[in-house]
Peer 1: 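Take this structure first; my questions come after.
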Amino acid sequence: RAVVLIGSLTHSAIQCLSAVVYLRWNVKLHVPDALFMLASTATQTAIAQLSWMPVSVMLAQLVPDGLESTLRAVLSSSMGLGYIVAN
């Protein structure tokens with residue numbers, strides 16, 4: 001639970017960094033927009049993947065033996081579809 005909570009809070013804090021670009025604070029710190037957004041997006045993705053791991057392990061323990069790979073495939077394709085629809 002602690003890993004999921006910390007991951008969610010960290011992900012929320014990183015999401016708020018987008019306001020830095022809108023307020024142009026990154027320019028005052030001499031950080032180009034492209035570099036800041038690249039670093040911010042990479043950090044968001046890494047934290048999201050790390051916070052997803054405990055949930056994935058827990059779900060794999062809940063399914064019957066031998067269906068773990070099927071669960072992983074369904075979850076991965078669902079997440080992929082969600083990303084496609086969101087973009």
Side-chain angles (χ1 to χ4, degrees):
R1 290 184 190 181
V3 172
V4 175
L5 177 65
I6 291 170
S8 297
L9 292 175
T10 307
H11 192 270
S12 298
I14 297 295
Q15 288 282 19
C16 292
L17 284 178
S18 296
V20 170
V21 175
Y22 300 130
L23 296 172
R24 307 301 290 162
W25 291 348
N26 62 317
V27 174
K28 292 178 184 176
L29 297 172
H30 305 292
V31 178
D33 289 341
L35 178 64
F36 187 85
M37 290 308 293
L38 178 68
S40 176
T41 303
T43 305
Q44 289 173 11
T45 304
I47 290 172
Q49 291 297 321
L50 288 174
S51 64
W52 176 248
M53 288 302 289
V55 176
S56 180
V57 170
M58 181 184 67
L59 288 173
Q61 292 176 352
L62 293 174
V63 299
D65 289 339
L67 292 177
E68 294 90 356
S69 59
T70 304
L71 172 76
R72 181 69 179 156
V74 169
L75 290 176
S76 294
S77 56
S78 297
M79 287 180 62
L81 179 63
Y83 287 134
I84 290 171
V85 170
N87 290 326

Peer 1: Tell me whether S77 contacts the main-chain N or O of V74 through its side chain, where contact means a donor paired with an acceptor under 3.5 Å.
Peer 2: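 Present.
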Peer 1: Which residues pass the side-chain contact (heavy atoms from CB on, under 4.5 Å) test with L23, sequence neighbours left out?
Peer 2: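 With neighbours one apart ignored, the set is W25.
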Peer 1: With rounding to the nearest 0.5 Å, note down the distance linking CD in Q44 to CG in L17.
Peer 2: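 Between atom CD of Q44 and atom CG of L17 there are 8.0 Å.
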Peer 1: Taking E68 for its side chain and G66 for its backbone only, find out whether a donor-acceptor pair lies under 3.5 Å.
Peer 2: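 Yes; at least one donor-acceptor contact below 3.5 Å.
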Peer 1: Do side-chain atoms of S40 reach the backbone of F36 as a donor and acceptor pair under 3.5 angstrom?
Peer 2: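 It does not hold such a pair.
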Peer 1: Locate the shortest heavy-atom distance separating V31 from L35; write the atom from each residue and the value.
Peer 2: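 Closest approach of V31 to L35, heavy atoms only: CG1-CD2, 4.3 Å.
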Peer 1: Do the side chains of Y83 and L75 join up, straight or via other hydrophobic residues, at under 4.5 Å, putting them in one cluster?
Peer 2: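 Both belong to a single hydrophobic cluster.
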Peer 1: Starting from L62, can I reach M79 by hopping between I/L/V/M/F/W/Y residues whose side chains sit under 4.5 Å apart?
Peer 2: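 Hydrophobic grouping puts M79 with L62.
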Peer 1: Are Y22 and I14 linked, directly or through other ILVMFWY residues, by side chains that come within less than 4.5 angstrom of each other?
Peer 2: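 They do not share one cluster, since no chain of ILVMFWY contacts under 4.5 Å joins Y22 to I14.
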Peer 1: Can you name the side-chain contact (heavy atoms from CB on, under 4.5 Å) partners of S56, sequence neighbours left out?
Peer 2: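 Listed in chain order: W52, R72.
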Peer 1: Is there a path of hydrophobic side-chain contacts, each under 4.5 Å between heavy atoms, that joins V27 and L29?
Peer 2: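 No; L29 is not reachable from V27 via cluster members.
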Peer 1: A side-chain contact here means heavy atoms from C-beta on lying under 4.5 Å apart; do R24 and D33 qualify?
Peer 2: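 Sidechains of D33 and R24: in contact.
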